[in-house]
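The next block holds one structure in the form of structure tokens; read it before the comments.
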Amino acid sequence: MATAIPSIACLGVIGRNNNPLHVAIFPSYDPVTNSFAPVRTPLQFSLLLSSTLDVFELRARHNAATGVGLSGDFGLLHAVDERLAAYGFETNTGTKFVVLVDMRGRRIDGAIAAGLVDIKEKRLGAVAVGLREGEMKPVFKAMQTAYVKLLQNPFFDPDEHAPPAGHGGKKITSRKFADDMRRIGETWTPGVTNL
């Protein structure tokens with residue numbers, strides 16, 4: 001018997017002027033066809049990422065009104081439907097990292113789900129029923145680390161991707177950054193503490 005556990009369906013990096021800098025889409029398990037395919041189209045994922053901007057803005061207003069500040073604000077932004085949930089993290093520079101999690105995205109066999117294998121896989125079986133907010137921290141930390149590495153590249157000009165005037169902006173085309181995002185999306189499972 002196979003069980004599905006949460007997996008990342010989409011990773012998005014949104015610049016300080018709310019322009020999408022990078023979007024990575026990952027296939028999810030489809031039990032009907034017993035195959036892997038994205039649960040939404042690229043356009044639908046872009047719209048879902050855009051829908052999180054309102055939540056970030058509301059949190060920023062709330063935090064400003066209460067005097068809390070914004071640095072490191074993250075967590076569940078909203079449940080899209082019974083399958084997808086959007087989690088977000090905003091840096092103090094205004095860059096937003098968004099992760100769309102598919103709650104049934106990865107298939108594991110019954111032995112792992114029952115906790116009958118080694119310790120690492122037992123942990124996966126134990127968390128197969130849900131997802132806690134803290135389990136997204138390693139994803140955001142890894143995304144931020146990859147973004148900081150990109151910013152340290154002397155050939156990368158952040159103003160080219162998020163112009164100070166706020167109009168336009170290019171997507172990030174760095175192959176190393178794209179590879180880092182792909183690695184994060186493909187290797188994360190609930191319970192992973194280091195990516």
Is there side-chain contact between [X] and [Y], with heavy atoms separated by less than 4.5 Å?
| X | Y | result |
| --- | --- | --- |
| Val101 | Leu84 | no |
| Tyr87 | Phe140 | yes |
| Arg59 | Leu77 | yes |
| Thr52 | Ile14 | yes |
| Thr91 | Tyr147 | no |
| Phe56 | Asn18 | no |
| Val192 | Thr187 | no |
| Met143 | Val13 | yes |

Inset, instruction - Please report the closest heavy-atom contact between Gly191 and Glu135, naming both atoms and the distance. - result: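 Closest pair (atom of Gly191, atom of Glu135, distance): N-OE2, 3.5 Å.
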Inset, instruction - Search all heavy atoms of Pro6 against all heavy atoms of Pro190 and return the closest pair with its distance. - result: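 So the minimum-distance heavy-atom pair works out to O-CD, 3.5 Å.
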Please identify each residue that fulfils side chain to side chain donor-acceptor pair (under 3.5 Å) with [X], with sequence neighbours left out.
| X | value |
| --- | --- |
| Ser174 | none |
| His62 | none |
| Asn153 | none |
| Arg175 | none |

Distance check, rounded to the nearest 0.5 Å: [X] atom [atom1] versus [Y] atom [atom2]?
| X | Y | atom1 | atom2 | value |
| --- | --- | --- | --- | --- |
| Ile8 | Thr189 | CD1 | OG1 | 9.5 Å |
| Phe89 | Lys96 | CZ | NZ | 12.0 Å |
| His78 | Leu48 | NE2 | CG | 7.0 Å |
| Arg16 | Leu21 | CZ | CG | 9.5 Å |
| Asp180 | His22 | CG | NE2 | 9.5 Å |
| Ser51 | Leu100 | OG | CG | 7.5 Å |

Inset, instruction - Tell me, please, which residues at least two apart from Phe26 pass ring pair (Phe, Tyr, Trp, His ring centres under 6.0 Å). - result: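 Here no residue qualifies.
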Inset, instruction - Consider only side-chain N and O atoms of Lys171 and Asn19, and report whether a donor and an acceptor are under 3.5 Å apart. - result: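 Judged by distance alone, the side chains do not pair up.
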Inset, instruction - Would you sort out whether Asp179 and Arg183 count as a salt bridge (charged side-chain N to carboxylate O under 4.0 Å, His left out), showing the intermediate values? - result: CA-CA 6 Å; Asp179 289 345; Arg183 179 188 51 79; over 6 Å; no
Legend entry - Residue pairs fulfilling salt bridge (Lys or Arg N to Asp or Glu O under 4.0 Å) with at least one residue in residues 42-58, sequence neighbours excluded: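 Every pair satisfying salt bridge (Lys or Arg N to Asp or Glu O under 4.0 Å) with a residue in residues 42-58: Glu57-Arg61.
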Enumerate, atom names and distances included, each donor-acceptor pair closer than 3.5 Å involving a side-chain atom of residues 40-47, sequence neighbours excluded.
| unit_1 | atom_1 | unit_2 | atom_2 | d |
| --- | --- | --- | --- | --- |
| Arg40 | NH2 | Asp81 | OD2 | 2.4 |
| Thr41 | OG1 | Gln44 | N | 3.2 |
| Thr41 | OG1 | Gln44 | OE1 | 3.4 |
| Gln44 | OE1 | Thr41 | N | 2.9 |
| Ser46 | OG | Pro42 | O | 3.1 |

Inset, instruction - List the steps and the verdict of side-chain contact (heavy atoms from CB on, under 4.5 Å) for Val99 and Cys10. - result: CA-CA 6 Å; Val99 179; Cys10 179; over 6 Å; no
Legend entry - Linked hydrophobic residues, Leu58 as query - side chain contacts closer than 4.5 Å: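 When side chains under 4.5 Å apart are linked, Leu58 ends up in no cluster with other residues.
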Inset, instruction - Could you tell me which residues satisfy salt bridge (Lys or Arg N to Asp or Glu O under 4.0 Å) with Lys149, sequence neighbours excluded, listed by chain and number? - result: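 In terms of salt bridge (Lys or Arg N to Asp or Glu O under 4.0 Å), with neighbours along the sequence ignored, Lys149 is linked to no residue.
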Legend entry - Working for side chain to side chain donor-acceptor pair (under 3.5 Å), residues Tyr29 and Asp102: CA-CA 9 Å; Tyr29 177 68; Asp102 181 358; over 6 Å; no
